[in-house]
Amino acid sequence: SSSKIFSKIFINNENFNKKINNNRIRKEISIKSCLRITSLSILRLVSSYIQLLKKLLGITVITDRWPSEEPFSMDGPKLFRTNNILIIMFNILNKNIYKIIPKSDLVIILKSDLKLIIQRNSARIYPEPEEFIIKRYTLKNNSKPKSKNYISYENNKNKEEAINDCLKIISKFLISK
């Protein structure tokens with residue numbers, strides 16, 4: 001799952017912690033990590049174009065994530081400070097991949113209190129580490145997905161109410177088009 005990939009790249013990586021505290025840029029990176037991150041970027045690009053094709057075929061596509069162009073955001077490009085020409089080329093490639101990802105028609109930005117998110121996580125069958133939740137929450141608040149329209153939604157309700165509210169928002173959006 002994307003959470004496992006995120007965790008491998010960031011949470012279990014000392015450089016991630018340095019990046020958050022030092023100019024938001026990693027100081028050291030391996031070619032293996034660059035390949036992994038670039039592969040994720042390519043997968044996001046391919047997925048976004050598959051979703052766009054479905055839209056052109058008349059299918060309404062609802063997804064729980066959409067990439068951001070903002071470096072170091074949760075779903076944005078990851079860049080590295082280095083003198084290694086190969087890694088610099090990965091930086092350029094990664095940054096440009098995110099630039100060509102199309103904008104979504106609508107993003108509903110779910111806003112919740114961090115305490116509530118931690119509480120919801122602890123109720124899961126397989127909860128994620130609290131450290132992971134806090135870091136992902138921080139990254140989420142530092143980015144804005146590529147979209148033509150944004151709606152902010154206070155997501156402090158139970159799951160069923162939130163889903164129903166989001167479906168109503170989507171319905172109104174589709175009717176207005």
Electrostatic pair Lys146-Glu69, nearest N-O below 4.0 angstrom: yes

Determine whether the side chains of Thr38 and Ser41 contain a donor N or O and an acceptor N or O closer than 3.5 Å. no

Between the side chains of Asn158 and Glu161, is a donor N or O closer than 3.5 angstrom to an acceptor N or O? yes

Do [X] and [Y] share a hydrophobic cluster (ILVMFWY, side-chain heavy atoms under 4.5 Å, transitive)?
{"X": "Val61", "Y": "Leu43", "value": "no"}
{"X": "Tyr98", "Y": "Ile50", "value": "yes"}
{"X": "Phe80", "Y": "Leu86", "value": "yes"}
{"X": "Val46", "Y": "Ile97", "value": "yes"}
{"X": "Leu52", "Y": "Ile42", "value": "yes"}

All side chain to side chain contact (heavy atoms under 4.5 Å, CB included) counterparts of Asn96, not counting sequence neighbours: Ile92, Lys99

Residues which pass side chain to side chain contact (heavy atoms under 4.5 Å, CB included) with Asp105, listed by chain and number, not counting sequence neighbours: Lys55, Lys148, Phe173, Lys177

Got a second to check how far [X]'s [atom1] is from [Y]'s [atom2], nearest 0.5 Å?
{"X": "Ile151", "Y": "Ile169", "atom1": "CD1", "atom2": "CD1", "value": "5.5 Å"}
{"X": "Ile88", "Y": "Arg81", "atom1": "CD1", "atom2": "CZ", "value": "12.5 Å"}
{"X": "Leu35", "Y": "Ser33", "atom1": "CG", "atom2": "OG", "value": "9.0 Å"}
{"X": "Thr138", "Y": "Leu114", "atom1": "OG1", "atom2": "CG", "value": "7.5 Å"}
{"X": "Asp75", "Y": "Leu40", "atom1": "CG", "atom2": "CG", "value": "8.5 Å"}

Beyond-backbone contact of Arg44 with Ser48, side-chain heavy atoms, under 4.5 angstrom: no

Flag the pair Asn149 / Val107 as yes when at least one side-chain heavy-atom distance between them is below 4.5 Å, and no otherwise. no

Give the C-alpha distance, both sets of side-chain angles, the deciding distance and a yes or no for side-chain contact (heavy atoms from CB on, under 4.5 Å) between Leu116 and Asn155. CA-CA 10 Å; Leu116 181 60; Asn155 187 29; over 6 Å; no

[X] side chain vs [Y] backbone, donor-acceptor pair below 3.5 Å:
{"X": "Asn121", "Y": "Pro127", "answer": "no"}
{"X": "Asn91", "Y": "Leu79", "answer": "no"}
{"X": "Lys135", "Y": "Ile133", "answer": "no"}
{"X": "Ser147", "Y": "Tyr150", "answer": "no"}

Which heavy atom in [X] sits nearest to a heavy atom in [Y], and how many Å separate them?
{"X": "Glu70", "Y": "Pro77", "result": "O-CD, 3.6 Å"}
{"X": "Tyr153", "Y": "Ala162", "result": "OH-CA, 3.4 Å"}
{"X": "Phe90", "Y": "Ile31", "result": "CE1-CG2, 4.4 Å"}

Test log, rule side-chain contact (heavy atoms from CB on, under 4.5 Å), inputs Trp66 and Ile101: CA-CA 10 Å; Trp66 198 260; Ile101 289 175; 4.3 Å; yes

Can you check side-chain contact (heavy atoms from CB on, under 4.5 Å) on Ile62 and Ile170, steps first, answer last? CA-CA 9 Å; Ile62 300 173; Ile170 293 166; 3.9 Å; yes

Walk me through it: do Ile134 and Ile118 pass the test side-chain contact (heavy atoms from CB on, under 4.5 Å)? CA-CA 8 Å; Ile134 294 168; Ile118 291 169; 4.2 Å; yes

